[in-house]
Every structure is written in C-alpha cells, then in structure tokens.
Amino acid sequence: MKIPFSRPSLGPRETEAVARAIAEGGIGGNGEIGRRVEARLRELCDARHVLLVPSATQAMDVAFMAFGLEPGDEVLMPSFAFVSQANAILARGARPVFCEIEERTLNMCPEDAAARITPRTRMIMPVHYAGVSCDLDAFTALAERHDLILFEDAAQAIGSSHRGRALGTIGDAGCISFHVTKNVVAGEGGCLILRDPEIAAAAEIIREKGTNRSAFLRGEVDRYTWVGPGGSFVLSDLLAALLEVQIERIEELTRARLDVWNVYHAGLEELEKDGLVVRPVVPAETRHNAHLYAIRARTRGQREHLLAGLRAEGIEATFHFQPLHAAPFAIDTFGRGESLRVTEAAAETLVRLPLHPGVSTDDAEHVVETVIELCHD
Ligand SMILES: Cc1ncc(COP(=O)(O)O)c(C=O)c1O
C-alpha cells in the first residue's frame, strides 16, 4: 500500500470546466472567469479587494510594488517560512529580518519581532503556518503602535479564520496560494487581498503590465494605456476555470482533510502523553483548514528513524522548512546571524504526515499505527 504525501482532488467537474473554457476560447488573463472567481473569493473571505495572480509569490511581488517597498526598508518575517517572502522582499532592494517562532504553533513570535523593530522597519509579515492563525491580536497591535504595514502570508490558509474573520483579510494585505499542494488548487495560482482602495488600484495597474486595462474592461475608460511600472501578473482563465470548481468544493475538500487530521490527532494523543512526540496546537481563536499535519520528534535521530520507517511502509512523509537565516545564500548575503533556537529545533525534528482528500480513514489509521510502532522501536 502506498500513501502519497500530497495529491489534488480533481474530478469530472474540473475537467468539464477546463474543457468549456477551451471550447469558448476565453483563456486569457484577467478574463470573465477570473473576475467571477475574484467576486466569489471576496464573498467567501469577506474581503474588500481580491486580485487573482499566478502564485502567492507573485501576490507578494505585486503588493510590495504597490506599497512602495524600497531599498533600505526592513521587513520582519519568520525564518521558519517558505523562501518566497524573502525573495520578494529582496526583489525590492529591501531586507528580510528573520524572527524567531513560538514553540506552541511554530508561528512568528510577536515579542521577538517587536525586539527587532528599527527606524527602517516598514512591514511585519507573519505566516499562518499549517493554516493555523499566528498571534494576529499581538501583530495588529504592534503594527498599529509602530505604524507598520501588516501583511499576512496566508498561502496555506484558505478557509481558516481568526475570531471568525478569514485569514489574509485582517492585516493591510494578505496572500493565499492555489498551488497544487494546497487545499484548493489551480495547479499554480494565488490571490492578493487588500484593504486600502488606493493600494488596490495601484496593484491592479501593476498586475496588468503597468496599464489601466482593468479600468478599460470595466468600461471606465475607452482605451487602455501605460500609466506606470508593472509586470505580467494575471492568471489565465484556463486555471481560473479549474479554481472556480475547487472553490465551489471548498467545504467538501476541507472536511475531507479535517477527517484525516482528526484521526492523526486522536491516534497520536497517547504518544504525546508518553513524551514521544509533540502534536500540533490550534489556539481557541482559530478555526483551521487542516492544511497539513506536522508532529515533532524528540531528536533529529528519532525524526530520521520515523521518516525512514514511514517510507519503508510506503507512507510518504517529509519535513520542511529549512531555516532561511541559516541557508547558504542568507549567510553569504547577510552574514552568519545569531542562532534561532526554536526555529532550528523545529526544522530538525518536524515530520509531516500525508494529508490530502485522498487519504482514507484506513490509510490514516495505518499511518498512526506505523508512527506508534516506530516510536517504540
Ligand atoms: C507559507 C508559504 N508562503 C508562500 C508560498 C508560495 O506560494 P506559491 O507557490 O503560490 O507561490 C507557500 C507555498 O508553498 C507557502 O507555504
């Protein structure tokens, strides 16, 4: 029996939607289907402005241009994060300042971030790791106190909320990913969520190669022209057609993931009580989307034993993130900074179990039994 780590749930409805888009010929970017999806996302997340883009990474590129991030600016972000954030910050000539995470949720630590604020800090950019909300109350207060932009990396968090509000909509900006590994997929894709109408208007121009084509499509101008700097950051309607079906299926897709998550969580409770692994923590104010299930082993050695043992059983388990502050490129560029104890320990001990709608209850129970056996070896 083989249990893949991640696999999208795609069926006849997605095939039909893509075939229809092809038959009708409207597969360009910023088209009718994409605009329908944006409206649906606005409604789903109760967001003011939503722009579909080819990836969450590019949502950051567009946002940083729209906010006017500049050389010399500093952005606070966790070291335990995907590389996209750091690259998008560097692309503006700004500097990522790597922060420590909290032991409990593996999300950015507000106290650590506060201690790194300087007169050059422009933005705070926490991640909602595993679709579980970071301490948004603390980050919102910190951003207000120091007049900083709060950008939520909600790449993993479609369908999650904090005190009833969708993740990605609480700060000044947020991004969500529709990458093939996410809960709702377009293959590649993402969206940028913005609060301020002026920033949203700037982002709309940047996304359309520096032109006012979006205003033209709404009939607000009779032709479109070059009005500022920009790039090509629109999502093809072919992918938007696929995404539209996936968004219609969001409850079913999230429910299927939650079922697997709950089997893991209940099944591994005893192991945690015996001090053999640490299970994920979901704070009371978060409703999470079961994006991923990550346990922590006691030592790096135990982690390697678990990964090897699971793979030998045909169970694809893996780990991430490699701390960015300790990556060769970061050391070459910024020098070897202080070590971040919690980040480094998490990266050394984390084990991610297979989680996607195709994992059956039997599969999930088999994974649990295998983890328990390996922990008692
Ligand atoms: C936390 C986080 N941020 C950003 C991204 C980038 O998303 P995309 O692949 O859509 O660019 C990912 C993707 O895995 C992610 O997990």
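Only heavy atoms go into these numbers, but all of them, side chains included; no hydrogens, no water, no symmetry mates. For ligands, and for the atoms within them, numbers begin at 1 and follow the listed sequence. These numbers come from a predicted model, not from an experiment.
When heavy-atom distances to ligand 1 are checked against a 4.0 Å cut-off, A155 comes that close only through its side chain, counted from C-beta outward. When non-hydrogen atoms are compared, ligand 1 lies under 4.0 Å from the side chain of K182 (C-beta onward) but not from its backbone.
Of the options H291, Q246, Q156, a side-chain hydrogen bond (donor to acceptor under 3.5 Å, both in side chains) to N183 is made by H291 and by none of the others.
The shortest heavy-atom distance from C175 to ligand 1 is not under 4.0 Å. Using a 4.0 angstrom heavy-atom cutoff, S84 counts as in contact with ligand 1.
Minimum interatomic distance between M125 and V75 (heavy atoms only, all atoms of both residues): CB-CG1, 4.0 Å.
Heavy-atom proximity to G189, at under 4.0 Å, picks out these atoms of ligand 1: 10 (O). Interface atoms of ligand 1 facing V127, defined by a heavy-atom separation under 4.0 Å, are 1 (C). Ligand 1 places these atoms under 4.0 Å from at least one heavy atom of Q156: 1 (C), 16 (O).
With a 6.0 Å radius and a threshold of 12 heavy atoms from other residues, nucleotides or ligands, D147 has its CG atom at or below the threshold. In the displayed structure, F5 atom CZ is contacted under 6.0 Å by more than 12 heavy atoms of other residues, nucleotides or ligands. Annotation: R195, atom CZ; neighbour count of heavy atoms from other residues, nucleotides and ligands within 6.0 Å is above 12.
Y293 has its ring centre less than 6.0 Å from the ring centre of H265. No close placement of the F80 and H325 rings is indicated, their centers lying 6.0 Å or farther apart.
Taking only nitrogen or oxygen atoms, main chain and side chain alike, A56 reaches within less than 3.5 Å of ligand 1. Residue D153 has at least one nitrogen or oxygen atom sitting less than 3.5 Å from a nitrogen or oxygen atom of ligand 1, judged on distance alone. Below 3.5 Å of separation, one finds no N or O of E188 facing any N or O of ligand 1.
Between E244 and R40 no salt bridge is recorded (no basic side-chain N to carboxylate O distance below 4.0 Å).
Annotation: atom 11 (O) of ligand 1 to nearest protein heavy atom, T57 OG1, 2.5 Å. Nearest to atom 12 (C) of ligand 1 among the protein's heavy atoms is F82 CD2, 3.6 Å.
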